[in-house]
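Whatever order the structure lists ligands and atoms in, that order sets their numbers, starting from 1. Hydrogens, waters and symmetry mates play no part in the numbers below; they use all other heavy atoms, side chains included.
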Amino acid sequence: MNTQPTKRILTYGTFDVLHFGHMRLLTRARKLGDKLLVGLSSDSFNAMKGKQADWSYERRREALLATRLVDFVFPETHWEQKPGDIARLNIDTFVMGDDWQGKFDDLSAHCDVVYLSRTPGISSTLLRNAMRAAVV
Ligand code: C2G
C-alpha cells in the first residue's frame with residue numbers, strides 16, 4: 001500500500017494555442033509530484049496581463065486536460081490569489097517558467113518555489129501570427 005503523501009504541484013498561465021513549450025513545462029512540473037493543478041488565466045485576467053488569447057477559457061482548459069498531465073484546472077482571475085490557492089489546494093510546490101525567474105519568490109513563505117527553463121523558439125504569439133498569416 002502506498003503510504004507516501006500525495007505531492008501537489010501548482011502552476012499558472014494562459015496556455016493559449018497549447019504548444020510544445022507548454023507541454024515541456026507541464027511534463028517537468030508533473031514529474032515533481034503526484035498531482036498537477038493549473039490556475040488558468042481567465043479572459044478578463046488576460047486583458048489585465050495585456051494578452052488576448054485566441055482560444056476561449058473552455059478550449060484552453062480542454063486542451064490542458066487532454067494532455068493527461070493536468071489533474072485540475074481552475075480560473076486565475078487576479079495576481080493576488082496565489083497564496084490563498086496554495087493554502088486552499090494544499091500545494092507543496094509552485095512552478096513557473098524562468099521567464100518569471102524571481103517574480104514569485106515571496107510564495108516561498110507558503111510552499112517550495114521552482115522555476116523551470118522556458119523552451120526557446122516557440123510561443124503562442126508566434127503561432128497566432130503564423131495562423132493569421134496563413135488565413136490571409
Ligand atoms: N512556457 C515555456 N516555454 C515557452 C512558452 C511558455 O516554458 N516557449 C511556460 C511559461 O514560462 C509559463 C507557462 O509556459 O510558465 C505558461 O505560459 P503562458 O501561457 O505564456 O503564461 P503567462 O502569460 O506567462 O502567465 O500568474 C502567472 C501568469 O498567469 C503566467
Does NZ or CZ of K35 come closer than 6.0 Å to the centre of the six-membered ring of F72, within 45° of the ring's axis?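 The answer is no; the distance or angle limit is not met.
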F74 six-ring face occupied by R88 cation (under 6.0 Å, within 45°):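 Judged by the rule (NZ or CZ under 6.0 Å from the ring centre, within 45° of its axis), R88 counts as positioned above F74.
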Which residues pass the side-chain contact (heavy atoms from CB on, under 4.5 Å) test with S42, not counting sequence neighbours?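 Expected list: S44, F45, T77.
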Can you list everything that forms a side-chain contact (heavy atoms from CB on, under 4.5 Å) with K7? Sequence neighbours excluded, please.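 K7 satisfies side-chain contact (heavy atoms from CB on, under 4.5 Å) with I9, D34, D92, T93 once adjacent residues are dropped.
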Sequence neighbours excluded, which residues qualify as ring pair (Phe, Tyr, Trp, His ring centres under 6.0 Å) partners of H19?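 Partners of H19 under the ring pair (Phe, Tyr, Trp, His ring centres under 6.0 Å) test: H22.
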Any idea how F94 and F104 line up, ring-wise: parallel (<30°), tilted (30 to 60°), or perpendicular (>60°)?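 Ring orientation, 0 to 90° scale: perpendicular.
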Would you mind writing out a table of all protein N or O atoms found under 3.5 Å from any N or O atom of ligand 1, naming both atoms and giving the distance to 0.1 Å?
residue  : atom   : partner : partner atom : Å
ligand 1 : 3 (N)  : T119    : N            : 3.1
ligand 1 : 8 (N)  : T119    : O            : 2.7
ligand 1 : 8 (N)  : I122    : O            : 2.6
ligand 1 : 11 (O) : D99     : OD1          : 2.6
ligand 1 : 15 (O) : G97     : N            : 2.9
ligand 1 : 19 (O) : T14     : N            : 3.0
ligand 1 : 19 (O) : F15     : N            : 2.8
ligand 1 : 20 (O) : K51     : NZ           : 2.8
ligand 1 : 21 (O) : T14     : N            : 3.4
ligand 1 : 23 (O) : K49     : NZ           : 3.2
ligand 1 : 23 (O) : K51     : NZ           : 2.6
ligand 1 : 24 (O) : W100    : NE1          : 2.8
ligand 1 : 25 (O) : K49     : NZ           : 2.9
ligand 1 : 26 (O) : E76     : OE2          : 2.5
ligand 1 : 26 (O) : K82     : NZ           : 2.8
ligand 1 : 29 (O) : S41     : OG           : 3.3
ligand 1 : 29 (O) : K49     : NZ           : 2.9
ligand 1 : 29 (O) : E76     : OE1          : 2.7
ligand 1 : 29 (O) : E76     : OE2          : 3.4

